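What follows is one structure encoded as structure tokens, with my remarks underneath.
Values in this document were obtained by computation on a predicted structure and should not be read as measured data.
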Number of protein chains: 2
Amino acid sequence: MATIKDVARLAGVSVSTVSRVINDNGYVNAETRKNVINAMENLGFRPSNIARGLVSGKTYTIGLVIPDISNPFFPDIARGVEDEAIANNYNVILCNSDWKVERETMYLSLLIEKRCEGVVLVGSHSEESDLLKVIGKMPFVSVDREMVHAGHSVWVDNEFGAYTATKHLYEEGYKRVVHISGPPSVRSANARLSGYKKAVREFNYHEPQIIESDFRTSGGYESALKVLEQQGDSRPDAIFAGNDLMAIGVIQACEKIGIKGGVDLGIVGFDGIGSSAYTSPSLTTIFQPGYEMGRRACHLLLDEIVNPGKRRIKEVFNFELLVRASTKWIK
Amino acid sequence: MATIKDVARLAGVSVSTVSRVINDNGYVNAETRKNVINAMENLGFRPSNIARGLVSGKTYTIGLVIPDISNPFFPDIARGVEDEAIANNYNVILCNSDWKVERETMYLSLLIEKRCEGVVLVGSHSEESDLLKVIGKMPFVSVDREMVHAGHSVWVDNEFGAYTATKHLYEEGYKRVVHISGPPSVRSANARLSGYKKAVREFNYHEPQIIESDFRTSGGYESALKVLEQQGDSRPDAIFAGNDLMAIGVIQACEKIGIKGGVDLGIVGFDGIGSSAYTSPSLTTIFQPGYEMGRRACHLLLDEIVNPGKRRIKEVFNFELLVRASTKWIK
DNA sequence: TTGTAGGCGTTATCAA
DNA sequence: TTGATAACGCCTACAA
């Protein structure tokens, strides 16, 4: 690949002149400029951003550490981050952490060595102190989790969302709501659990009843089967699932054992993934504005990079309760 | 950020010695090594891969240019690519092209300037000759499209898949199959259209009937409404949609006008996205192994990078017809 | 076993 | 208006 030197030689000028026309700064004779541009084209010259980065300290690259891009809640966030990044001439390195602390750490290290200028951290799973240790002074924005001591944060109020979801069930007339929770190691799962408990206590129809699962469709399915095999008074008439994937599992369980979602069993999910609208019954859920959160997180990050400040920003996005058929007695 | 020089100074050795312990090559006294390591830790030293890249010519970074990560068919591919990449110590830069030639070109240019070692190009939309011009001699692998003149390619036989889908409808007893096609500018859309036509001609129950749409749920919905308002003999009893998103739109249209998917109208999609299993009726579709294709594409790319050969590899992956409720007369 | 020096592709500072 | 030249952070001969 041709270098600036090759171009200079071919154009019969010095490298500094070539550099000037590349960056369009400083004086350069119109004629010379033409020659240089010709030379560049003839050689198929493309400046090396890595060499540039070495001298400028800028790589125009940020990292995106996200649990799993193939999990339907995350692509929207990723798209938001990338859209905002490219609009500012930045690229995004995609990292799937699988909610694993070691993977998160490994990626963060790599990103630092690559001299990424910052990172958007989604659903981080590590202890904050450990995180700050590896992340050093690289700017970052946390999505879906509030960071206490550093960085900006962007999230929705999971507890209040879960509270709202559960409350909605009671208000629709369901009397006994079970919660299928996500893994306790995931923060948002715990927050949702709290919100559920709060609503249960407030209405006080029954004790909280929780079954721990894994945020996956299969987990929701099996948990629902377990819950629904109970007979008598302790049998729930509604399930609040910790996320939409598990809620879809619940719907499948209903089909399996031949009861009608919505009618025989109220179901609410969380996230508002696209397919929640297409299930049968369609799924009532708490929608999180993933795209906007990603976009905003990236904006905050780039802002911080350009203009590193002392201030720390925390933004709580509004969720939205999407009422659909899975919480309608009659449909 | 501390440099190798700082480390050298603190450890009281030369930079080359530090370099030796970093890369664990050449002789270095056990004692010295310990000192150096200490110094590195004290300073929080992290080697700059961009400086390294400048001298070694390796960036351990590849690009992934994909139409839209928030479109449910693509995250699996992306995950496959990233998994294979990270297993080989490579990072992936995510680029959303939105099927736009200019965006594709813009990203490719950026990736070259960043000295990415290669790129996985998904669903590329550009003329091959234009593509090769911008891509220069950067290794690449094309997914979901066969490249004629350069690079490796990985795809499924869209035409045969569409043929299989359509044929399945006839064999299930449907008599008149309409095709809602994707945008004609997208290659796979055209291939699927061909496959449809082939099956129609083979069974010869009726003329091909095509309505052009946009690969989106809303497009499928509107197209289906248009198709279904026909009365009489020309009214179809089945629809083969160019992808699952449009097929989901078709299902919604059925609901809207009160006919039963599967029974009153056979429906087949294409792609096998996750949510196709959760619709009502569940969607018969042609499944593409996205994760495996992504993984394989990345493998081929890294192989090409390490061992640039003259040979060009083309791999056609098998699709799978998933028969579900949307093509069952009785259910 | 360790150090010196040149170079990787650019940009930026000075002179000319 | 142009050209040397010294960085940028690291690696790799080559010497010592």
Side-chain angles (χ1 to χ4, degrees), chain A residues 1-37 39-40 43-61 109-117 136-138, chain B residues 1-37 39-40 43-61 109-117 136-138:
Chain A
M1 168 132 286
T3 76
I4 202 176
K5 256 184 203 163
D6 302 321
V7 177
R9 195 175 310 132
L10 182 59
V13 297
S14 74
V15 292
S16 12
T17 300
V18 177
S19 176
R20 280 188 206 100
V21 350
I22 292 175
N23 299 290
D24 200 27
N25 63 6
Y27 300 100
V28 35
N29 183 290
E31 195 63 24
T32 347
R33 152 170 288 119
K34 217 175 289 175
N35 290 335
V36 170
I37 291 183
M40 295 200 303
L43 295 172
F45 169 79
R46 314 251 84 214
S48 160
N49 279 345
I50 107 148
R52 285 175 148 179
L54 225 211
V55 13
S56 69
K58 289 198 67 68
T59 55
Y60 290 98
T61 306
S109 279
L110 265 178
L111 294 176
I112 290 173
E113 299 195 344
K114 284 220 158 80
R115 295 300 187 262
C116 281
E117 298 182 37
K137 42 202 284 49
M138 179 166 61
Chain B
M1 171 131 283
T3 75
I4 202 177
K5 253 186 205 164
D6 302 321
V7 176
R9 193 175 313 131
L10 182 59
V13 298
S14 74
V15 292
S16 30
T17 301
V18 177
S19 175
R20 280 189 206 97
V21 351
I22 292 174
N23 299 291
D24 201 26
N25 62 7
Y27 300 100
V28 36
N29 182 290
E31 195 62 27
T32 338
R33 151 171 287 117
K34 217 175 290 175
N35 290 336
V36 170
I37 292 182
M40 295 201 300
L43 294 172
F45 169 79
R46 314 250 83 212
S48 160
N49 279 344
I50 106 148
R52 285 176 147 180
L54 190 54
V55 10
S56 69
K58 289 198 68 65
T59 55
Y60 290 99
T61 306
S109 278
L110 265 177
L111 294 175
I112 289 174
E113 299 195 345
K114 283 220 159 80
R115 294 299 187 264
C116 281
E117 298 182 38
K137 42 202 284 51
M138 179 167 61

Do A/Met1 and A/Leu43 have side chains that get closer than 4.5 Å, going by heavy atoms?
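No, too far: nothing below the 4.5 Å cut-off.
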
Nucleotide range of DNA chain D lying under 4.0 Å from chain A heavy atoms:
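That gives a stretch of D/dT1 to D/dG9.
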
Mind checking ring pair (Phe, Tyr, Trp, His ring centres under 6.0 Å) for A/Phe45 and listing every partner two or more places apart, or none if nothing turns up?
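Scan of A/Phe45 (ring pair (Phe, Tyr, Trp, His ring centres under 6.0 Å), adjacent residues dropped) gives none.
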
So which one's nearest nucleotide on DNA chain C is more toward 5', B/Arg33 or B/Arg115?
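Looking at the nearest nucleotide for each, B/Arg33 comes out on the 5' side.
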
Assign each of B/Leu54 and B/Thr32 to its nearest nucleotide of DNA chain C by heavy atoms, then name whichever residue's nucleotide is nearer the 5' end.
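The residue mapped nearer the 5' terminus is B/Thr32.
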
Non-neighbouring partners of A/Thr3 that pass side chain to side chain contact (heavy atoms under 4.5 Å, CB included), sequence neighbours left out:
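Scan of A/Thr3 (side chain to side chain contact (heavy atoms under 4.5 Å, CB included), adjacent residues dropped) gives A/Lys5, A/Asp6.
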
Kindly write out the residues that satisfy side chain to side chain contact (heavy atoms under 4.5 Å, CB included) with B/Leu110, not counting sequence neighbours, or none if the list is empty.
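Once residues adjacent in sequence are excluded, the partners of B/Leu110 under the side chain to side chain contact (heavy atoms under 4.5 Å, CB included) criterion are A/Ile86, A/Asn89, A/Asn91, B/Met106.
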
What residues form a salt bridge (Lys or Arg N to Asp or Glu O under 4.0 Å) with A/Arg46, not counting sequence neighbours?
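By the salt bridge (Lys or Arg N to Asp or Glu O under 4.0 Å) rule, A/Arg46 matches B/Glu113.
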
With sequence neighbours left out, what residues match A/Lys58 under salt bridge (Lys or Arg N to Asp or Glu O under 4.0 Å)?
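Once residues adjacent in sequence are excluded, the partners of A/Lys58 under the salt bridge (Lys or Arg N to Asp or Glu O under 4.0 Å) criterion are A/Glu117.
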
Scan for salt bridge (Lys or Arg N to Asp or Glu O under 4.0 Å) pairs involving residues 25-36 of chain B, sequence neighbours excluded, and state none if there are none.
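Pairs touching residues 25-36 of chain B that pass the test: B/Asp24-B/Arg33.
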
Integer-rounded Å distance: [N] [atom2] and [X] [atom1]:
X	N	atom1	atom2	answer
A/Asn49	C/dT10	CG	P	9 Å
B/Asn29	C/dG3	CG	P	11 Å
A/Asp6	C/dC8	CG	P	10 Å

Does [X] have any side-chain hydrogen bond (donor to acceptor under 3.5 Å, both in side chains) partners at least two apart in sequence or in another chain, and if so, which?
X	answer
B/Ser56	none
B/Ser19	B/Asn23
A/Thr59	none

Phosphate OP1/OP2 of C/dT10: any A/Lys5 side-chain N/O under 4.0 Å
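So the side-chain polar atoms of A/Lys5 never come under 4.0 Å of the phosphate oxygens OP1 or OP2 of C/dT10.
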
Please tell me if B/Ser14 has a side-chain N or O lying less than 4.0 Å from either OP1 or OP2 of C/dG3.
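So the side-chain polar atoms of B/Ser14 do come within 4.0 Å of the phosphate oxygens OP1 or OP2 of C/dG3, strictly under.
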
Side-chain (A/Lys114) to main-chain (B/Tyr60) donor-acceptor, under 3.5 angstrom
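Yes, A/Lys114 side chain to B/Tyr60 backbone: donor-acceptor pair under 3.5 Å.
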
With heavy atoms under 4.0 Å as the rule, sort A/Arg46 into base, sugar-phosphate or nothing.
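Touches sugar-phosphate only.
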
The helix from C/dT1-D/dA16 to C/dA16-D/dT1: angle between its terminal axes, five pairs each, to 10°?
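For the helix from C/dT1-D/dA16 to C/dA16-D/dT1, the axes at either end differ by 50°.
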
Its contact letters, B for base, S for sugar-phosphate only and - for none at protein heavy atoms under 4.0 Å, make nucleotides 11-16 of chain C read SB----

For B/Thr3 and A/Tyr27, find the nucleotide of DNA chain D closest to each by heavy atoms; which residue's nucleotide sits nearer the 5' end?
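This one resolves to A/Tyr27.
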
